[in-house]
Amino acid sequence: ESLEEQVAGLGLGERVRFKGRQDPDALARLYQQADVFILPSHWEGMSNAVLEAMAHSLPIVMTPCEGSDELVRGNGAAVPVGQFPQEIAKLLEDDEYRMQCGRNSRRAVEERFSWTKSVALLEKVLDRVTKGGDADDDGEPGAYALADGFQHHAGEAGAVLHTAAELVGALVVIRGEELVKQPAVA
């Protein structure tokens, strides 16, 4: 059964709309109209959609998955889907809490995920790797970051590497001392 059929079956057709793919301007308007951003994903890397929502000062409710602990810090909740109703209700019923979470989202994007911070982090990771260190500081030998496919093990460095890969049109793979630049897969 499709999501559209489920919504119709629950009698929610007037309240739930499936917008499909949107151009950037239309997407920005949708973010501006929203009160909360919800991502019920079973698997997610460093979600660009969540970062976009955070940049639009939205509180976040998402499932706990890789990347959620870096994104949801005082700006919403990373909880199992079964707890979404309570978290969404808490945000919608308490205007001050919702607005504070939205401000925290925006601040996090500005402080931790800006281009300046991303470039500085990428430089740090590349410097560490080219000098024979791991891509992150967890002490695990052979730590790596795959910059494409949203698969990473290097925490925030994974998001930076993904961004760098998009900028240079390449897949950057870091494994211990090895740095490989490969053409991006379309």
Side-chain angles (χ1 to χ4, degrees), residues 1-118 121 136 138 145-146 148-163 166:
E1 181 174 37
S2 73
L3 291 175
E4 289 87 349
E5 291 169 336
Q6 290 179 40
V7 166
L10 292 169
L12 297 173
E14 294 296 315
R15 301 188 69 175
V16 176
R17 292 172 192 82
F18 294 92
K19 301 297 260 180
R21 184 176 288 278
Q22 300 288 307
D23 66 65
D25 290 335
L27 187 58
R29 284 190 298 277
L30 290 171
Y31 281 127
Q32 291 165 358
Q33 294 169 6
D35 293 314
V36 178
F37 182 82
I38 303 163
L39 183 68
S41 178
H42 291 290
W43 187 87
E44 197 71 38
M46 182 62 67
S47 171
N48 285 337
V50 171
L51 287 168
E52 289 172 358
M54 290 170 62
H56 283 87
S57 301
L58 288 173
I60 307 298
V61 176
M62 67 183 294
T63 48
C65 52
E66 193 169 351
S68 63
D69 59 335
E70 297 167 45
L71 296 171
V72 182
R73 296 181 184 173
N75 60 328
V79 296
V81 173
Q83 294 177 21
F84 274 29
Q86 296 91 331
E87 294 300 328
I88 294 167
K90 187 181 345 177
L91 287 161
L92 295 178
E93 291 169 358
D94 186 339
D95 291 340
E96 182 52 40
Y97 175 63
R98 183 179 66 253
M99 290 186 293
Q100 183 60 50
C101 286
R103 287 189 295 268
N104 290 345
S105 280
R106 178 66 186 201
R107 187 176 312 111
V109 167
E110 291 171 353
E111 292 176 359
R112 296 192 329 242
F113 301 106
S114 70
W115 282 109
T116 303
K117 296 285 185 180
S118 296
L121 182 58
D136 60 9
D138 69 1
L146 289 177
D148 206 3
F150 299 101
Q151 299 175 26
H152 65 278
H153 177 71
E156 290 181 359
V160 174
L161 290 168
H162 179 76
T163 300
E166 287 179 346

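The basis for the numbers below is simple: all heavy atoms, side chains too, and nothing from hydrogens, waters or symmetry mates.
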Audit row: N48, L51, side chain to side chain contact (heavy atoms under 4.5 Å, CB included) steps and yes/no:
CA-CA 5 Å; N48 285 337; L51 287 168; 4.2 Å; yes
May I have the step-by-step check of side chain to side chain donor-acceptor pair (under 3.5 Å) for Q32 and R29, ending in yes or no?
CA-CA 5 Å; Q32 291 165 358; R29 284 190 298 277; over 6 Å; no
From CA spacing to verdict: salt bridge (charged side-chain N to carboxylate O under 4.0 Å, His left out), E87, K90
CA-CA 5 Å; E87 294 300 328; K90 187 181 345 177; 3.4 Å; yes
Partners passing side chain to side chain donor-acceptor pair (under 3.5 Å) against D23 (at least two apart in sequence or in another chain)
none
Beyond-backbone contact of [X] with [Y], side-chain heavy atoms, under 4.5 angstrom:
X   : Y   : result
L58 : V36 : no
F37 : M62 : no
E66 : M46 : no
Q33 : L30 : yes

Indicate the atoms forming the closest heavy-atom contact of [X] with [Y], along with that distance.
X    : Y    : value
S105 : P59  : OG-CA, 4.1 Å
L39  : S47  : CD2-OG, 3.9 Å
A55  : V109 : N-CG2, 3.7 Å
P64  : P80  : CD-N, 3.8 Å
C101 : G76  : SG-N, 3.7 Å
M54  : L71  : CE-O, 3.6 Å

Would you say [X]'s side chain and [Y]'s backbone share a donor-acceptor pair under 3.5 angstrom?
X    : Y    : value
S68  : A78  : no
T63  : V81  : no
R106 : G102 : no
E111 : A108 : no
N104 : G74  : yes

Around E96, counting heavy atoms of other residues, nucleotides and ligands shown, do more than 12 lie under 6.0 Å from its CD?
yes
Listed partners of Y31 passing ring-ring contact (aromatic ring centres under 6.0 Å, His included), at least two apart
H56
Using 0.5 Å steps for rounding, measure from the [atom1] atom of [X] to the [atom2] atom of [Y].
X   : Y    : atom1 : atom2 : result
I38 : F84  : CD1   : CZ    : 7.0 Å
N75 : R107 : CG    : CZ    : 10.0 Å
I60 : R73  : CD1   : CZ    : 14.0 Å

Before giving the answer on side chain to side chain contact (heavy atoms under 4.5 Å, CB included), spell out for E93 and R98 the whole-Å C-alpha distance, their side-chain angles and the decisive distance to 0.1 Å.
CA-CA 8 Å; E93 291 169 358; R98 183 179 66 253; over 6 Å; no
Applying side chain to side chain contact (heavy atoms under 4.5 Å, CB included), run through E4 and V7 and close with a yes or a no.
CA-CA 5 Å; E4 289 87 349; V7 166; 5.8 Å; no
With side chain to side chain contact (heavy atoms under 4.5 Å, CB included) as the test, would you mind laying out the steps for D35 and L91 before giving the verdict?
CA-CA 9 Å; D35 293 314; L91 287 161; over 6 Å; no
